[in-house]
Amino acid sequence: MSAQTIDALPEIHDFDFIHGRWTVAHRRLKQRGVGSDDWDEFRATANCEPRLGGMANVEEMDCPERGWMGMAVRSFDLNAREWSIWWISDRDGRLGAPVRGRFNADGCVLEGPDADDGRPVIARYIWSDIRTDSARWSQQFSYDDRATWETNWVMDFTRAAA
C-alpha cells in the first residue's frame, strides 16, 4: 500500500485524540469475577505519541501511587481495517495478547482473549465520551464466553495543562 493510499484511510487517525499528556483517574475493582463492588481509586499520568504517520501510537502510563508503570502499543491493520492494542506492564515485561476492534459513532470497542489470575477470559476495552480534553477507557471481562460482562476498570483521562 502506498503512502497516498494510507492517507486516504481516515481510520488511521481514530486514535489521534489520545496524543499528548494526560492525568488519569483510575477506578479498579479490588476483586474481579466475584460480584464485588469494592473499588480502588487512584491517579496516574499518561503520555501518548504517534508513530508511522498516525497508524500507530505508544502510550506510557505512570502510576507512582500504586508503584507500577505500563505501556500500550496501538496499531491500525490496513488490511483488516481495525485497531489492535497490546499492553506491557513493568511487573513482567511481557507483551500481552492484543484486543482488536473498530470505532463507531459511540467510540471504540476492542475484544480479545486474556487471562485473569490464570482463568481464561474475554477482555473488552471500550473508549467512550471522547472529547478534545477528555476521554474514558473501561475494561470488561467475560468469564462465560460473552454471555455476561463485568466492568472491572475505568480510567477517566483529562488533558494535562501544557
Side-chain angles (χ1 to χ4, degrees), residues 3 5-30 32 36-90 95-112 114 121-142 146 148-162:
T5 306
I6 293 169
D7 289 340
L9 298 175
E11 299 100 309
I12 69 167
H13 298 290
D14 285 341
F15 271 106
D16 283 4
F17 73 90
I18 199 67
H19 301 159
R21 294 179 344 115
W22 300 85
T23 59
V24 186
H26 291 257
R27 285 187 61 221
R28 180 176 61 183
L29 277 181
K30 290 182 180 179
R32 295 178 304 272
S36 174
D37 196 25
D38 190 13
W39 294 87
D40 182 26
E41 296 185 21
F42 52 96
R43 296 228 173 258
T45 59
N47 185 50
C48 183
E49 297 179 355
R51 298 288 188 266
L52 302 174
M55 65 189 264
N57 64 58
V58 177
E59 174 190 328
E60 187 172 323
M61 180 84 56
D62 186 11
C63 186
E65 284 185 36
R66 295 298 181 266
W68 58 264
M69 293 176 62
M71 185 171 71
V73 177
R74 300 179 188 92
S75 71
F76 184 72
D77 182 321
L78 295 171
N79 291 327
R81 294 186 80 157
E82 68 180 7
W83 283 93
S84 297
I85 302 176
W86 292 263
W87 178 253
I88 306 166
S89 170
D90 70 341
L95 184 67
V99 292
R100 293 183 167 91
R102 293 183 171 91
F103 276 79
N104 60 41
D106 297 322
C108 183
V109 177
L110 307 102
E111 291 184 5
D114 205 338
V121 298
I122 304 295
R124 178 184 282 170
Y125 294 179
I126 301 170
W127 281 97
S128 62
D129 301 324
I130 299 167
R131 297 186 178 29
T132 304
D133 292 327
S134 63
R136 172 170 278 185
W137 173 92
S138 59
Q139 175 179 271
Q140 299 177 340
F141 284 168
S142 177
R146 296 181 175 88
T148 60
W149 294 92
E150 174 186 70
T151 299
N152 59 56
W153 202 324
V154 177
M155 291 189 279
D156 287 312
F157 286 71
T158 302
R159 191 164 303 278

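Here the structure is a predicted model, which is why all the values come from computation and not from measurement.
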Once ring-ring contact (aromatic ring centres under 6.0 Å, His included) is applied, do any residues pair with Phe17, and if so which ones, sequence neighbours excluded? Phe15, Trp127

Does any part of the side chain of Val121, heavy atoms only, come nearer than 4.5 Å to the side chain of Arg32, both counted from C-beta? no

Is the shortest heavy-atom distance from the side chain of Phe76 to the side chain of Arg81 under 4.5 Å? yes

One thing to verify: whether Glu59 and Arg74 come together as a salt bridge, which I'm taking to mean a side-chain N less than 4.0 angstrom from a carboxylate O. yes

Can a salt bridge be assigned to the pair Arg66 and Asp40 using a cut-off of 4.0 Å between side-chain N and carboxylate O? yes

State whether the side chain of Trp137 and the backbone N or O of Trp153 hold a donor-acceptor pair below 3.5 Å, judged by distance alone. no

For Trp22, enumerate each residue passing the ring-ring contact (aromatic ring centres under 6.0 Å, His included) test, keeping only those at least two apart in sequence or located in another chain. Phe157

With a 3.5 Å distance limit and no angle check, can you tell me whether Asp90 reaches the backbone of Met69 through a side-chain donor-acceptor pair? yes

Using side-chain heavy atoms (C-beta onward) and a distance below 4.5 Å, is Tyr125 in contact with Cys108? no

Are Gln140 and Thr151 packed together at the side-chain level, in the sense that at least one heavy-atom pair is separated by less than 4.5 angstrom? yes

Does one side chain, of Glu60 or Asn47, offer a donor that lies under 3.5 Å from an acceptor on the other? no

Thr23 (side chain) donor-acceptor with Thr158 (main chain) under 3.5 angstrom: yes

Are Arg146 and Glu111 side-chain neighbours, meaning at least one heavy-atom pair lies under 4.5 Å? yes

Step by step, work out the side-chain contact (heavy atoms from CB on, under 4.5 Å) result for Asp156 and Arg136. CA-CA 5 Å; Asp156 287 312; Arg136 172 170 278 185; 2.6 Å; yes

Quick one: does Arg159's side chain have a donor or acceptor within less than 3.5 Å of a partner on Thr132's backbone? yes

Ser142 side chain vs Thr148 backbone, donor-acceptor pair below 3.5 Å: yes

